Every structure is written in structure tokens, then in C-alpha cells.
Amino acid sequence: MATINDNYLKLQAGYLFPEIAKRVKAYAEANPDAPIIRLGIGDVTEPLPAACRAAMVKAVEDMGSRETFKGYGPEQGYEWLREKIAKHDFQSRGCEVDAAEIFISDGSKCDCGNILDIFGNNNTIALTDPVYPVYADTNVMAGHTGNANENGEYEGLVYLPISAANNFTAEIPQNKKVDLIYLCFPNNPTGATATKEYLQTWVDYAKANGSIIFFDAAYEAYITDPSLPHSIYEIPGARDCAIEFRSFSKNAGFTGTRCALTVVPKTLKGKAADGSDVEIWKLWNRRQSTKFNGVSYIVQRGAEAVYSEEGQAQIKELVAFTWQMLR
Ligand SMILES: Cc1ncc(COP(=O)(O)O)c(C=O)c1O
């Protein structure tokens with residue numbers, strides 16, 4: 001008889017979202033006039049920016065002639081897209097990120113989970129509480145935890161509480177060394193943002209302890225305060241200790257279209273079992289080119305259009321619309 005990955009039986013997420021729905025329903029019935037901000041699973045509501053749609057229509061046409069047709073693309077993503085991302089999202093903000101360090105993918109959710117493929121099974125993993133559930137669940141699936149307790153917390157994970165008491169910013173664990181740290185800013189679910197000074201404390205910690213930060217910047221387009229960093233690589237030293245995840249889902253409405261990116265600096269290293277240093281970029285490149293065949297040409301052309309003049313104006317409108325809905 002074939003056996004299964006028993007770690008899946010530990011998962012609690014099936015319980016979390018129905019429970020949120022049940023409590024929201026009860027509250028809404030008891031308080032029919034109360035405005036409710038839903039922090040459960042959501043989706044974008046607005047259509048794709050016109051610039052992205054036009055680029056995708058043109059790309060569909062490219063697929064119709066032998067001269068411009070594209071088959072398998074580069075697993076890491078087309079260079080014309082990676083160059084634009086490197087320049088616009090990173091270099092323009094003073095970050096030393098090269099196009100070769102960017103990996104295009106079909107989603108930040110996938111990358112946040114898949115990244116565990118290239119890390120060992122004995123790392124101590126820290127994540128905030130509350131947190132985007134994917135970080136915890138993918139560690140459970142990978143067998144990095146024990147069972148959940150009655151609060152849904154998995155044995156073996158280091159939970160860093162975030163609440164009004166600490167201004168929704170997790171404190172560095174004082175009496176436990178952690179190896180992999182998930183940080184998400186602007187934060188899902190709290191919306192909290194992080195200052196450069198705050199992120200610097202994590203980068204300093206990671207560098208001092210040989211830890212790696214998984215920095216999820218899916219919501220960076222929603223930062224309005226010009227003093228706040230959009231990328232972990234705005235923090236000196238981050239190239240040696242951080243991987244960044246970004247997505248076109250939240251700024252350009254690609255939740256159904258699917259396109260995202262992960263930055264793995266070539267200077268980032270992890271330890272092999274024999275104690276030697278190994279380039280994380282090489283492992284991620286190997287993983288992606290073995291298990292992933294790239295995002296479709298049509299979708300990457302759509303994502304590229306985000307960086308056109310019209311695309312930039314249109315995504316600003318989309319983000320402004322979301323802010324309006326929240327007010
Ligand atoms: C914090 C965070 N990261 C990543 C994602 C997933 O993004 P994608 O649509 O690129 O998979 C989400 C989606 O809700 C999210 O909230």
C-alpha cells in the first residue's frame with residue numbers, strides 16, 4: 001500500500017478560514033450597522049490595467065506567426081522583463097539588484113512555499129503571529145513541525161507575536177537563535193509597515209547569526225510614506241541575508257493572471273552539511289530549472305507593461321482605488 005506524507009494530516013488551515021467566516025457572520029448579525037474590515041481570504045475586484053491587456057493581446061498575436069512564436073521560455077523569466085524589474089523596482093531605489101538575481105514565477109504563494117525545497121530540515125523557523133498562513137502550512141507539509149496545539153500553533157515553530165503592544169512589529173527573539181525568518185511588510189494581515197531602522201535590526205541579527213530572512217513585499221505598492229523602504233535591499237547588508245518575494249497580484253490585479261518574482265542575491269550563502277558555504281542562487285536556479293518551466297510569454301508581456309508610462313499611471317489608480325475603499 002502506498003503511504004502518504006503524514007505531515008499533511010497535521011494541517012489546521014481547513015479549520016481557520018471557516019472559523020473566521022463563522023465568527024464574522026455571527027458578529028455581522030449581532031451588529032448589522034458595524035463596518036467590517038475582512039482579514040480572511042480576499043481577492044482583487046478591479047479589471048486588469050488596459051496597458052497590460054493590450055500587451056497581452058499583442059503577445060497572443062505574436063504566438064500566431066512562426067517568426068514571433070515562443071515555445072518554452074527561459075525558466076528564470078525573459079530578460080526584457082527582469083531588466084525592467086531590476087531597474088524600476090530596485091535600482092531606482094538604490095538597491096544593488098541585478099536582473100540575473102530575479103526569478104519570474106507564477107506566484108508569490110508558490111515561491112514562498114517552494115523555497116523550502118532548497119533549505120535543510122533542521123532550521124529553526126520564526127514567523128509572526130498572526131501571519132499569512134502559507135508560511136506556516138508549507139513548513140508543516142515539509143515536516144518541519146510537530147502537531148498544532150489548541151490555538152493552531154505548531155510545535156517547533158517560533159512564533160513572534162505582533163499586536164498594538166509592539167506597534168505590530170515583531171521583536172527579535174532574545175533567548176532563541178532562529179535560522180529562517182519570515183517578515184512581511186506591508187503586513188498581511190495587519191497592514192503594518194516597517195521603517196528602515198527596524199528592518200536594519202533584523203538584517204544585523206541575521207548577519208550576526210547566519211540566518212536568512214524571507215521578506216515578503218507583496219504589498220509594497222501600498223506604501224505611501226516616502227521615508228519607508230519598499231525592499232529589504234534598501235537596508236545595508238541585506239544582500240547577504242535576505243530573499244525577497246514580490247507579486248503582480250496586488251499592484252496590477254494579476255491574482256488570476258499569475259505572475260510574481262523572487263530575488264535571490266548572488267552574495268547570499270547557506271551552510272552545507274559539511275560546513276561549507278553554498279550559493280543559495282545556484283540552488284534556487286537548479287530547483288526552478290528542474291521543477292518549473294517558466295511563466296507564459298503572454299503573461300510576462302502583460303507584466304512588462306506594468307513598467308510602461310501608461311501601466312504605471314494605471315496601477316497608481318488601482319492602488320488609489322483600494323485605499324479609497326478602505327477609507
Ligand atoms: C503576504 C502575501 N504574500 C503572497 C501572496 C500571494 O501572492 P500571489 O498571488 O503572487 O501568489 C499573498 C496573497 O494573498 C499575500 O497576502
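Start at 1 and go down the list; that is how both ligands and their atoms are numbered. Only a predicted model underlies this, so the values are computations on that prediction, with no experimental measurement involved.
Geometrically, K70 engages Y297 in a cation-pi contact, judged by NZ or CZ lying under 6.0 Å from the ring centre and within 45° of the ring axis.
Annotation for ligand 1: atoms under 4.0 Å from non-hydrogen atoms of G107 are 10 (O), 11 (O). Near S249, the atoms of ligand 1 lying under 4.0 angstrom from a non-hydrogen atom of the residue are 8 (P), 9 (O), 10 (O). For ligand 1, the atoms lying closer than 4.0 Å to a non-hydrogen atom of C184 are 1 (C). Interface of R258 with ligand 1, defined as ligand atoms under 4.0 Å from a residue heavy atom, comprises 8 (P), 9 (O), 11 (O). Ligand-side atoms of ligand 1 in range of Y219: 1 (C), 2 (C), 14 (O), 15 (C), 16 (O), range being under 4.0 angstrom from any heavy atom.
Closest to atom 7 (O) of ligand 1, if we only count protein heavy atoms, is S108 CB, 3.6 Å. Atom 5 (C) of ligand 1 has its closest protein heavy atom at Y132 OH, 3.2 Å. Looking only at protein heavy atoms, the nearest one to atom 10 (O) of ligand 1 is S247 OG, 2.7 Å.
Checking each of R239, E244, R82 against E101 for a side-chain contact (heavy atoms from CB on, under 4.5 Å) leaves exactly one that passes, namely R239.
In terms of polar-atom proximity, T255 is not counted as a contact of ligand 1, lacking any N or O under 3.5 Å from an N or O of the ligand. Residue K250 places at least one N or O, backbone or side chain, under 3.5 Å from an N or O of ligand 1. Polar contact with ligand 1: absent for Y135 (N/O pair, distance under 3.5 Å).
By the 4.5 Å heavy-atom criterion applied to side chains, F214 and L183 are not counted as neighbours.
Within the 4.0 Å heavy-atom criterion, the part of A218 lying near ligand 1 is the side chain and not the backbone.
Using a 3.5 Å distance cut-off with no hydrogens or angles, the side chains of D111 and T262 do pair a donor with an acceptor. Under 3.5 Å, the side chains of S211 and N209 contain no donor-acceptor pair of N or O atoms. Under the 3.5 Å distance criterion, with hydrogens and angles disregarded, no donor-acceptor pair is assigned to the side chains of S231 and E220.
By the 4.0 Å heavy-atom criterion, D216 is counted among the residues contacting ligand 1. For the ligand labelled ligand 1, residue F254 lies outside the 4.0 Å heavy-atom shell.
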Where do I4 and L9 land on the side-chain contact (heavy atoms from CB on, under 4.5 Å) test, with the steps shown first?
CA-CA 9 Å; I4 56 143; L9 305 180; 3.9 Å; yes
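Residues passing the ring-ring contact (aromatic ring centres under 6.0 Å, His included) test with Y219: none are found, sequence neighbours excluded.
Within the 3.5 Å criterion, the main-chain N or O of E171 finds no donor-acceptor partner in the side chain of W202.
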